[in-house]
Amino acid sequence: QVQLVESGGGSVQTGDSLRLSCGGSEGTRSNNAWGWFRQAPGKELEFVAGLSTAPSTTTYADSLKGRFTISRDNAKRTVFLQMNSLKPEDTGVYYCAATRKPLSITTLSNVYEYDDWGQGTQVTVSS
């Protein structure tokens, strides 16, 4: 069963911005940690950003700090990834992931910590 759904991807030019959304895991319990990963053509899955609520923590891939921001809505039903100053090397399929475990700065970047995944949304940045 698909637990999460990403949206907001598209084709943009260098320097443009996009905001990705991730929703799902509805029910009586909420996820405590979320992550964004991406996969460029011919490359392996790469960590982008992570967010934990217990305790409140955010972390980013070093190369993306200052350009990408992860956040969530007040109801904790949707997680966002704001991407600014996009570059051609940002092109790829972006996936959101979630778990009920309270992850740390170290574990938020570990792909194997996550239980629920979305199908991915394509981001294409042209020069």
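- Lys65 is linked by a salt bridge (Lys or Arg N to Asp or Glu O under 4.0 Å) to Asp62, counting only residues two or more places apart in sequence or in another chain.
- A search for side-chain contact (heavy atoms from CB on, under 4.5 Å) contacts involving Asp115 returns Thr99, Lys101, not counting sequence neighbours.
- The shortest heavy-atom contact between Arg100 and Asn32 is O-ND2, 2.8 Å.
- Of the inter-residue distances, the one linking Ile70 atom CD1 with Thr57 atom OG1 reads 11.5 Å to the nearest 0.5 angstrom.
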Steps toward side chain to side chain contact (heavy atoms under 4.5 Å, CB included) verdict (Leu51, Val79): CA-CA 9 Å; Leu51 182 153; Val79 176; 5.5 Å; no

For residues 15-24, which side-chain N or O atoms pair as donor and acceptor with protein atoms under 3.5 Å away, sequence neighbours left out?
| unit_1 | atom_1 | unit_2 | atom_2 | d |
| --- | --- | --- | --- | --- |
| Asp16 | OD2 | Gln13 | N | 3.1 |
| Ser17 | OG | Asn84 | OD1 | 2.9 |

Side-chain donor-acceptor distances from residues 91-98 under 3.5 Å, at least two apart:
| unit_1 | atom_1 | unit_2 | atom_2 | d |
| --- | --- | --- | --- | --- |
| Thr91 | OG1 | Pro88 | O | 2.9 |
| Thr91 | OG1 | Val125 | N | 2.9 |
| Thr91 | OG1 | Val125 | O | 3.4 |
| Tyr94 | OH | Arg38 | NH1 | 3.0 |
| Tyr94 | OH | Asp90 | O | 2.6 |

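- When the shell of 6.0 Å around CD of Glu44 is examined, it contains 12 or fewer heavy atoms from other residues, nucleotides or ligands.
- The shortest side-chain heavy-atom distance between Ser52 and Leu108 falls under the 4.5 Å cut-off.
- Residues Leu4 and Phe80 do not share a hydrophobic cluster, defined by chaining ILVMFWY side chains whose heavy atoms lie under 4.5 Å apart.
- Applying the ring-ring contact (aromatic ring centres under 6.0 Å, His included) test to every pair with at least one member in residues 47-68, sequence neighbours left out, gives these pairs: Phe37-Phe47.
- With sequence neighbours excluded, the residues satisfying side-chain contact (heavy atoms from CB on, under 4.5 Å) with Ser104 are Thr106, Thr107.
- Here the side chains of Thr53 and Trp34 are in contact, with some heavy-atom distance below 4.5 Å.
- Using a 4.5 Å heavy-atom threshold, the side chains of Leu81 and Val48 count as touching.
- A distance of 11.5 Å separates CG in Leu64 from OG in Ser85, rounded to the nearest 0.5 Å.
- How far CD of Glu6 is from CD of Gln122: 12.0 Å, rounded to the nearest 0.5 Å.
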